[in-house]
Amino acid sequence: MQNLLHNLNPEQLAAVTLPPQSALILAGAGSGKTRVLTTRIAWLIQTGQVSPAGIMAVTFTNKAAKEMTTRLSAMLPVSTRGMWIGTFHGLCNRFLRTHYRDCALPQTFQILDSQDQLSMIKRLLKANNVDDEKYPAKNLMYFINNAKDQGLRANRVEAHDPIERKMVELYDLYDNQCQREGVVDFAELLLRAYELLQRNQPLREHYQARFKHILVDEFQDTNDLQYNLLKLLAGQGQQVAGALFAVGDDDQSIYAFRGANVGNMSAFEREFRVENLIKLEQNYRSHGHILDSANHLIANNSKRLGKNLRTDAGHGEPVRIYEASSDLEEAQWIIEEAKSLMLEGALRSEIAILYRSNAQSRVIEHALFAAGLPYTVYGGQRYFQRAEVKHAIAYLQLMDNPHNDSAFLRVVNFPTRGIGMRSIEALQAAAGQYGISLYAAVPYVAGKSGSSLNSFVKLVEGARFETGQLALPEMVRVVLEASGLLQHYQNEKEGADRIENLEQMVNAATQFVQEEGFGQGAPAYLGPKTYASVGEMLVEGDGVEIIDADTPLNVVMSPLSAFLSHASLEAGDAQAQAGQDALQLMTVHSAKGLEFDAVFITGLEEGLFPHESSSREMDGVDEERRLMYVAITRARKRLYMSFTQSRMLHGQTRYNMKSRFFDELPEEALKWISPRVQSHWFGNKKSSWDDAKFTGGSDNKIAQQIAQKAASNGPGWRIGESVAHAKFGEGVIVNIEGGGSNARAQINFGKAGMKVLDLSVAKLDRVGR
DNA sequence: GACTTCACTCTTTTT
DNA sequence: GAGTGAAGTC
């Protein structure tokens, strides 16, 4: 045990060895919070205070859960089996699978991902003749998820106006439809679990008694429903209360947009009468200048629990800041800097390029590709989200639960088999009339379309019959063939990648079966029906069935059901080119929890970072600032920031001002390395930018256009230039009209808005540094 | 019914 | 720019 606790600093040690009471650990970035969390679990078990089955550890991402499990197995001689370690969604899924009857779900219920949820809502709107202009599907989806995240069913949502009343009505219809189809969305997983525990006392008491220690990672990201679920599980206010050990950092709360409520931290402190509050402020990750920047920036947020990171590492290198002329040039600069880092010996995988939104990766990817540098993009199009993979999954879903209409519609005519709009409409009418699924409605459709539908049903059932005894990977292989998907893509010109992805699915299934402990040859369908005979079922209280704590996944789920859950819940990290040493590209959001020797934060422009939509939301800019804080604190040794004068976004060029966050960084930690070039588009003055970059492609045209426009206005002002106005403050020239003494400039003054000023009259200053 | 083309919108982050 | 949905053509 000495081993376990050595090398912990006093605060970490105190946190790890706290008595079994509720505790709140304020853990700054890079302060070793995962270490504290896992060491505490190990310590609790090694000191005999709790058995593995008494532990529940909740995270938000699958990555974090996996990491925790790995670290624990390294620390503990005992197996991590029996502990409940996972994401909120993963654990709730497991819980609902175990108690599917008690929460009125079919044993093979399936999970809708956001895509499926949206398409389902669209269908619902259509079926009910709702004007989708007035009630956009996305809004309704947001409305529903929001309600669920707060733990509210339709009958408990307050409607303030007719629009909301209608939305509530649709919410109810939506829930009914889900129930008919035997599908649940993400939020529903949590809400069902919560309601079941709420309603079912013996069950609740069983779990309360079981989980002596509940540990929550990234507590600042919990939403109201998740917090309430934790309260219920911990048995807050009860005699047998479990200890809730919450680790979080209010400065890293970046998920308010999906219902996260930082207020849960102070609510927790208050409601659980937390006496043990420990701050971890010693940072082991970043050099001084980087940490100073982070501290300085985040100090601009008002509502904070208060925390300042310190480090023993020296100042290190200053933060380098670069102003590029365009997004292309920004990418070029990143590549040059990355190359020189690698010359100094940096590993490619230790260099991260971060951006605010996924759309920004395109330009950088392009440049990296052209430069021949290997890179990996995280997030974005994930494996299980790819169209061809979703198609294959849909066939599997239909075989496990034919009433999943989303799956049905996805593949009923893909590959095409002569079932068109009219057949589908007839089918939907029949299904609506009898209140049944599309699959179940097939017998009610007569005529020609009826017979093609029938053969589709036969296809699905034939596949099920054929694969009845096969193991999951073999089953997947058969389905890929039988569905005609493989053949379809073989005939397609650009189908090679897709076929590869489909074949990859067999591997994914093989790996999954192994990792989850399903027997190598276990039939894909078999599993749940056998659990009663395994003797793992206990009966308590009013005949409530409780499968014992240690029941592994393979007892409550068939390999197929489990695999389908996995596909929805894990989405598959963009198939990481394992082993490949590559540059890491990702959004700031997905960088959370990671660290790199060198980090580039790109696109630091007003409107992009902070994002323009943030100014509309309450405390939106504060959240953007926290996001920036997360980005900065990812870096160990080197930090780069960049912004550009012009950027191609959504098909048009935009001219943004540099991000306000630059003004919130400590000047002494920064080094501005952009060349100060006034008019690099004019031929006479050679800029230090490589003019070669304008020699080809569409950018060349844009550059010429801009140069022409600028030239016609004589020396002085050009588009993209930063200016200052006595009244309006700082701005960026977005456009210049006319010439000579008539020249007028359209200037984006950010806070003061867009203005058109007469250049011969307006008093403008150049903004230099 | 299948397939192509065109016009249109919506562009933040994700379990 | 991409993805969607509607309309047009075979």
Side-chain angles (χ1 to χ4, degrees), chain A residues 58-65 86-93 111-115 117-119 122 126 132-133 136-139 141-142 145 148-149 184-190 217-218 221-223 225-226 253-260 354-363 366 378-382 384-385 387 413-425 448-449 452 492 565-566 568-574 586-593 603 607-617 620 623-624 626-628 630-631 648-654 698:
Chain A
V58 200
T59 64
F60 276 85
T61 64
N62 297 297
K63 217 192 299 177
T87 62
F88 273 104
H89 295 88
L91 294 179
C92 285
N93 178 43
I111 301 165
L112 288 183
D113 63 19
S114 331
Q115 231 178 82
Q117 189 187 17
L118 186 64
S119 79
K122 282 182 183 164
K126 218 171 211 171
D132 56 0
E133 302 252 307
K138 280 208 173 128
N139 285 9
M141 175 157 125
Y142 179 77
N145 289 341
K148 289 192 181 188
D149 283 345
V184 298
D185 58 50
F186 285 136
E188 182 74 20
L189 282 170
L190 308 197
D217 193 13
E218 310 276 17
D221 288 337
T222 52
N223 63 33
L225 179 57
Q226 288 159 342
S253 156
I254 55 173
Y255 286 110
F257 71 91
R258 65 175 196 213
L354 310 183
Y355 33 79
R356 175 66 236 269
S357 61
N358 277 312
Q360 287 165 253
S361 75
R362 158 182 306 283
V363 176
H366 235 83
Y378 287 84
Q381 183 67 289
R382 291 163 187 240
F384 284 110
Q385 313 245 42
N413 196 33
F414 192 93
T416 50
R417 44 176 75 89
I419 300 172
M421 280 244 297
R422 295 181 54 164
S423 309
I424 298 298
E425 274 166 10
K448 191 160 148 262
S449 53
S452 1
E492 212 173 57
S565 298
H566 169 80
S568 309
L569 288 175
E570 269 200 55
D573 280 327
M586 65 192 84
T587 64
V588 181
H589 278 91
S590 45
K592 184 156 159 215
L608 235 135
F609 201 177
H611 197 272
E612 55 198 344
S613 60
S614 69
S615 57
R616 273 178 255 126
E617 281 147 36
E623 174 139 326
E624 295 289 309
R626 290 191 291 268
L627 198 50
M628 180 68 184
V630 168
M648 195 65 160
L649 210 63
H650 308 311
Q652 53 183 343
T653 312
R654 307 190 357 168
S698 56

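By convention in this document, chain letters (A, B, ...) are assigned in the order of the sequence lines, proteins followed by strands, and residues within each chain are numbered from 1. Heavy atoms only: backbone and side chains are in, while hydrogens, waters and symmetry mates are out.
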Query raised in the report: Ring of H611(A) versus six-membered ring of dT12(B): centres under 5.5 Å and planes under 30°?
Result: yes

Requested in this report: Would you mind telling me which of dT12(B), dT13(B), dT15(B) lies closest to the side-chain atoms of H589(A)?
Outcome: dT13(B)

Query raised in the report: Which residue, S590(A) or G420(A), contacts DNA chain B at a nucleotide closer to its 5' end, judged by nearest heavy atom?
Result: G420(A)

**Report entry** Along DNA chain B (nearest heavy atom to each residue), the more 5'-positioned of E612(A) and Q226(A)
**Finding:** E612(A)

Query raised in the report: With a 4.0 Å cut-off on heavy atoms, is D113(A) in touch with a base, just the backbone sugar-phosphate, or nothing at all?
Result: nothing

**Report entry** Check: dT13(B) base within 3.5 Å donor-acceptor of R356(A) side chain
**Finding:** yes

Query raised in the report: In whole angstrom, what separates I419(A)'s CD1 from dA2(B)'s P?
Result: 8 Å

Requested in this report: From the options Y255(A), F60(A), Y378(A), Y355(A), select the one residue that forms a ring-ring contact (aromatic ring centres under 6.0 Å, His included) with H589(A).
Outcome: Y255(A)

Report summary line: Side-chain contact check for T587(A): nearest option of dG1(C), dT13(B), dA2(B) is dT13(B)

Requested in this report: Return the nearest nucleotide to the side chain of H89(A); candidates are dT12(B), dT15(B), dT13(B).
Outcome: dT15(B)

Query raised in the report: Can you tell me how far P of dC10(B) sits from CE of M141(A), to the nearest Å?
Result: 15 Å

**Report entry** No-hydrogen, no-angle side-chain donor-acceptor test under 3.5 Å, S114(A) and Q117(A)
**Finding:** no

Report task. Indicate, with a heavy-atom threshold strictly under 4.0 Å, whether S357(A) touches base, sugar-phosphate, or nothing. Result -> sugar-phosphate

Requested in this report: Determine: side-chain N/O of N145(A) to OP1/OP2 of dT14(B), distance under 4.0 Å, yes or no.
Outcome: no

Requested in this report: Kindly point out which of dT14(B), dT4(C), dG1(B) is positioned nearest to the side chain of S423(A)?
Outcome: dG1(B)

Query raised in the report: Salt bridge or not for E425(A) and R422(A), using N-O below 4.0 Å?
Result: no

**Report entry** L112(A) CG to dT15(B) P, straight-line distance once rounded to whole Å
**Finding:** 16 Å

Query raised in the report: Which is true for K122(A) with a 4.0 Å heavy-atom rule: it touches a base, it touches only sugar-phosphate, or it touches nothing?
Result: sugar-phosphate

Query raised in the report: Under 4.0 Å: is that the gap between some side-chain N or O of N93(A) and OP1 or OP2 of dT15(B)?
Result: no

Query raised in the report: Considering only dT12(B), dT15(B), dA2(B), which nucleotide approaches the side chain of T416(A) most closely?
Result: dA2(B)

Requested in this report: Starting at atom OH of Y355(A), determine the distance to atom P of dT12(B), rounded to an integer number of angstrom.
Outcome: 16 Å

Query - Under 3.5 Å donor-acceptor, H89(A) side chain and L569(A) backbone - result: no

Report task. Would you classify F257(A) as touching base, sugar-phosphate or nothing, given that sugar-phosphate means primed atoms plus P, OP1 and OP2, and contacts are heavy atoms under 4.0 Å? Result -> base

Query raised in the report: In whole angstroms, how far is the P atom of dT13(B) from the OH atom of Y255(A)?
Result: 11 Å

**Report entry** Among dG1(B), dT15(B), dT12(B), the nucleotide that comes nearest once only the side chain of F186(A) is considered
**Finding:** dT15(B)

